[in-house]
There are 2 protein chains.
Amino acid sequence: MARAATTSDAFNAIAEPQRRDILALLRAGERPVTDLAQELGMSQPGASKHLRVLREVGLVRVRGAGKQRLYGLDARGLRPVHEWVGGFERFWNESFDRLDTYVQDLKQTRQEG
Amino acid sequence: MARAATTSDAFNAIAEPQRRDILALLRAGERPVTDLAQELGMSQPGASKHLRVLREVGLVRVRGAGKQRLYGLDARGLRPVHEWVGGFERFWNESFDRLDTYVQDLKQTRQEG
DNA sequence: CGATCATATTCCTATATCGGAATACGTCAA
DNA sequence: TTGACGTATTCCGATATAGGAATATGATCG
């Protein structure tokens, strides 16, 4: 098998830097495709494709506005990502000396299972 | 071009669910490959490959212990991820006037695939 | 040395990407 | 309708994956 689809979840969708850039831009409000493409220095089809991925994982919503289609942020899908990564917070806040001690501590008290 | 390498950064490395599982397990302390493989129901070569990716992005470090190699967590690389995602926190916590407006809009306009 | 355990790498295949170019689709204005 | 604009899709090629099987490397001990 190959790598999981970019559309399989938010983790995969935001692995692409350009898609992260798009999401960041959309915090300022809704925008049409061409706007995003120009601002981020990518082609219009390129932007459309990235937006399709973001839409499929639910990180972005579209709304027709005349000739244009306005893309807007829907950040709710990022919450699980934030929570998962947040589960490691104590580990990057600890110094490595303390981390080693902590690890040894765990080894000794691993009886609990 | 193809998708960015899984080893290009933490974002890509943690896009794979099994690698996230490995990292989660390692919070309890260092572990040898076979241990991880068995606990997560994957093959030994499979675990080794995932650990290689994690090591290349610096999320994991190894230390030889006799015949074994103990893998340990180095979560510092997750901090940038946490911070990036955290930049959207107010958007999923917000009461979301804009989103609500948008939803009402949808009811009036036509659907979108 | 030779045997054995622990781990890493290689080879293979099916699949999925990203980007560019060309093109199709959709909507509005005259 | 026609034309023009905004956007989406399709086709293409190069690349890279995850996983299984087989094998290679490494370390320890008798």
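Quick note on labels: first sequence line is chain A, next is B, and so on, each numbered from 1.
- With rounding to the nearest 0.5 angstrom, the NE2 atom of B:His50 is 14.5 Å from the CZ atom of B:Arg55.
- Residue contacts for B:Pro32: at a heavy-atom cut-off of 4.0 Å it reaches the sugar-phosphate backbone alone, with no base atom in range.
- Counting only N and O atoms by type, the side chains of B:Ser48 and B:Gln44 include a donor and acceptor under 3.5 Å apart.
- A heavy-atom distance below 4.5 Å is not found between the side chains of B:Arg19 and B:Leu59.
- In this structure, the CD atom of B:Glu56 is 13 Å from the C1' atom of C:dT9, given to the nearest Å.
- Residue A:Val53 is the one, among A:Lys67 and A:Val53, whose nearest nucleotide of DNA chain C lies closer to the 5' end (criterion: closest heavy atom).
- Extent of DNA chain D lying under 4.0 Å from chain A heavy atoms, first and last nucleotide in 5' to 3' order, is D:dC5 to D:dA18.
- Using a 4.0 Å heavy-atom criterion, one finds that B:Arg55 contacts no nucleic acid atom at all.
- Taking for each of B:Gly66 and A:Arg31 the nucleotide of DNA chain D with the nearest heavy atom, the 5'-most of the two is the partner of A:Arg31.
- For the pair B:Arg69 and C:dA6, the criterion of a side-chain N or O lying under 4.0 Å from OP1 or OP2 is not met.
- Atoms CZ (A:Arg63) and P (C:dG26) sit 20 Å apart, rounded to a whole Å.
- Contacts of B:Ser48 with the nucleic acid, taken as non-hydrogen atoms under 4.0 Å apart, include base atoms.
- Among the atoms of the strands shown, none is found under 4.0 Å from any heavy atom of B:Gly46.
- Using a 4.5 Å heavy-atom threshold, the side chains of B:Leu73 and A:Phe88 count as touching.
- Between A:Asp35 and A:Tyr71, every side-chain heavy-atom pair lies at or beyond the 4.5 Å cut-off.
- B:Val57 is not listed as a side-chain neighbour of B:Asn12, based on a closest heavy-atom distance of 4.5 Å or more.
- We find that CD of A:Gln44 is positioned 13 Å from C1' of C:dG19, with the value rounded to whole Å.
- Here the P atom of nucleotide C:dG20 and the NE2 atom of A:His50 are 9 Å apart, to the nearest Å.
- Between B:Leu54 atom CG and C:dA8 atom P the separation is 12 Å, expressed in whole Å.
- Residue contacts for B:Gln68: at a heavy-atom cut-off of 4.0 Å it reaches the sugar-phosphate backbone alone, with no base atom in range.
- Take the nearest nucleotide of DNA chain C for A:Arg3 and for A:Pro45: the residue whose nucleotide is more 5' is A:Arg3.
- C:dA6 atom C1' lies 11 Å from atom OH of B:Tyr71, rounded to whole Å.
- The shortest non-hydrogen separation linking A:Ala75 to B:Trp92 is O-CE3, 3.6 Å.
- The separation between A:Lys49 atom NZ and C:dA22 atom P is 13 Å, rounded to whole Å.
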